[in-house]
2 protein chains.
Amino acid sequence: MTVELERAAQAFSAMGSEPRLQVLLCLVRAGEAGLLVGDIQARTGIAASTLNHHLKFMAAAGLIDQEKQGRTIVSRANFDFLNHVGSFIIDQCCADACLADNGREVGVREKSDV
Amino acid sequence: MTVELERAAQAFSAMGSEPRLQVLLCLVRAGEAGLLVGDIQARTGIAASTLNHHLKFMAAAGLIDQEKQGRTIVSRANFDFLNHVGSFIIDQCCADACLADNGREVGVREKSDV
DNA sequence: TCTATATTTCTAGATATATCGAAATATTGG
DNA sequence: CCAATATTTCGATATATCTAGAAATATAGA
């Protein structure tokens, strides 16, 4: 579970900057077709070297996949992982002991309606 | 939408460190009852000043709420916001033009089963 | 092979974050 | 008011991240 926590934290961190989140949304919208580095650059205005850095960061976190095709690289959102990460917090809620040490009853919140 | 992007990035950033994510999970598990700073400290082993820093960070991002009660502070996960943030990425997918510029068809992913 | 295109690596300064001990502040109970 | 408890602020250092220009690499096409 610590491994999973670490992975989740890395994923959130990789989504936790405005430029990177912008890039991720571009890729999500592009769907399975993905986008070339140059496409993303054109859409976001991020400098090539900076963008490369961010893409590596996101790929390492598992948010995206990159596939080399000739002299271009196609980046795609990893939808399975994104779904998994998106539900991580709420999923974790009752996965463990749900009673607080101080003896107070633990409140029950309604299930996510997503 | 840029405002929302900024808020989302801040939220993800606030979840994007292992200690903070650990704290957040403690609070999620504690439910509406919440936890005192001392409770969290006891569970995570994070030094008081460090923990205070992280709690402020998370509160600023809207992940948690803090309420002063006498000489203690109760911290609670903001479940509404967490649900919202959790679905941000996937929600955004088809909120905008969903067709990539390069003309390729956009892939469809299954709905989250959460 | 030469050239243009696409991406990556290198380098480096600026900024932000993480950490924690010690001191300070607030509040309750006596 | 005093002592104990709970949390915050201060100060300081270490580490990480962000940014981007310039040079390097890889590949396709003429």
Side-chain angles (χ1 to χ4, degrees), chain A residues 5-24 26-27 30 33-61 63-76 100-104, chain B residues 5-7 9-24 26-27 30 33-61 63-76 100-102 104:
Chain A
L5 186 80
E6 189 178 338
R7 243 176 97 73
Q10 190 184 6
F12 287 132
S13 174
M15 298 191 288
S17 94
E18 227 175 307
R20 275 198 302 263
L21 192 52
Q22 202 181 345
V23 168
L24 183 62
C26 282
L27 290 174
L35 291 173
L36 306 185
V37 173
D39 294 334
I40 304 172
Q41 206 185 336
R43 279 160 210 223
T44 60
I46 299 171
S49 55
T50 304
L51 183 55
N52 183 66
H53 164 74
H54 286 318
L55 288 172
K56 284 281 158 39
F57 199 107
M58 291 192 285
L63 297 181
I64 68 172
D65 297 310
Q66 298 193 285
E67 188 189 343
K68 185 155 192 175
Q69 284 184 0
R71 65 181 150 178
T72 68
I73 297 243
V74 181
S75 299
R76 294 188 187 85
D101 288 355
N102 50 20
R104 281 178 286 177
Chain B
L5 186 79
E6 191 178 337
R7 244 175 96 72
Q10 191 185 5
F12 288 130
S13 174
M15 297 190 289
S17 96
E18 227 175 309
R20 277 198 300 265
L21 193 51
Q22 202 181 346
V23 168
L24 183 62
C26 282
L27 290 174
L35 291 173
L36 307 186
V37 174
D39 293 335
I40 304 171
Q41 206 185 334
R43 279 160 210 224
T44 60
I46 300 170
S49 55
T50 304
L51 183 54
N52 182 66
H53 165 73
H54 285 319
L55 288 172
K56 284 281 159 38
F57 198 108
M58 290 191 285
L63 297 182
I64 67 171
D65 298 311
Q66 298 193 286
E67 187 190 345
K68 185 156 192 176
Q69 284 183 359
R71 67 183 150 180
T72 67
I73 297 244
V74 180
S75 299
R76 293 189 187 85
D101 289 351
N102 51 20
R104 281 177 284 177

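In the text below, chain A, chain B and the rest are named by the order of the sequence lines, each starting its count at 1.
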In whole Å, I'd like the distance from the [atom1] atom of [X] to the [atom2] atom of [N].
X        : N       : atom1 : atom2 : result
Gln66(B) : dA6(D)  : CD    : C1'   : 13 Å
Leu21(A) : dC18(D) : CG    : C1'   : 16 Å
Leu51(A) : dA6(C)  : CG    : P     : 14 Å
Leu55(B) : dT9(D)  : CG    : C1'   : 15 Å
Glu67(B) : dA6(D)  : CD    : P     : 18 Å
Ile73(A) : dT9(C)  : CD1   : C1'   : 14 Å

Under 4.0 Å protein heavy-atom contacts per nucleotide of nucleotides 10-21 of chain C, with B for base, S for backbone only and - for none: --------SBBB
For the student: nearest non-hydrogen atoms of [X] and [Y], plus distance:
X        : Y        : result
His54(B) : Pro19(B) : NE2-CB, 4.2 Å
Ala8(A)  : Leu21(B) : CB-CD2, 3.8 Å
Ala9(A)  : Ser17(B) : CB-C, 3.9 Å
Ala33(A) : Val74(A) : O-CG1, 3.6 Å
Ala11(A) : Ala61(A) : CA-CB, 4.1 Å
Leu27(A) : Ser75(A) : CD2-O, 3.3 Å

Under 3.5 Å: donor-acceptor pair, side chain of Arg20(A), backbone of Ser13(A):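 Side chain of Arg20(A) to backbone of Ser13(A): a pair is present.
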Audit row: Thr44(B), Gln22(B), side-chain hydrogen bond (donor to acceptor under 3.5 Å, both in side chains) steps and yes/no: CA-CA 7 Å; Thr44(B) 60; Gln22(B) 202 181 346; 5.8 Å; no
Single hit among Leu51(B), Asn52(B), Leu36(B), Leu35(B) for side chain to side chain contact (heavy atoms under 4.5 Å, CB included) with Gln41(B): Leu51(B)
Using only side-chain N and O atoms of [X], determine if any of them is under 4.0 Å from OP1 or OP2 of [N].
X        : N       : answer
Lys68(A) : dA26(D) : no
Asn52(A) : dT8(C)  : yes
Lys56(B) : dT7(D)  : no

Do any N or O atoms of the protein come closer than 3.5 Å to N or O atoms of nucleotides 1-4 of chain C, and which pairs are they?
none

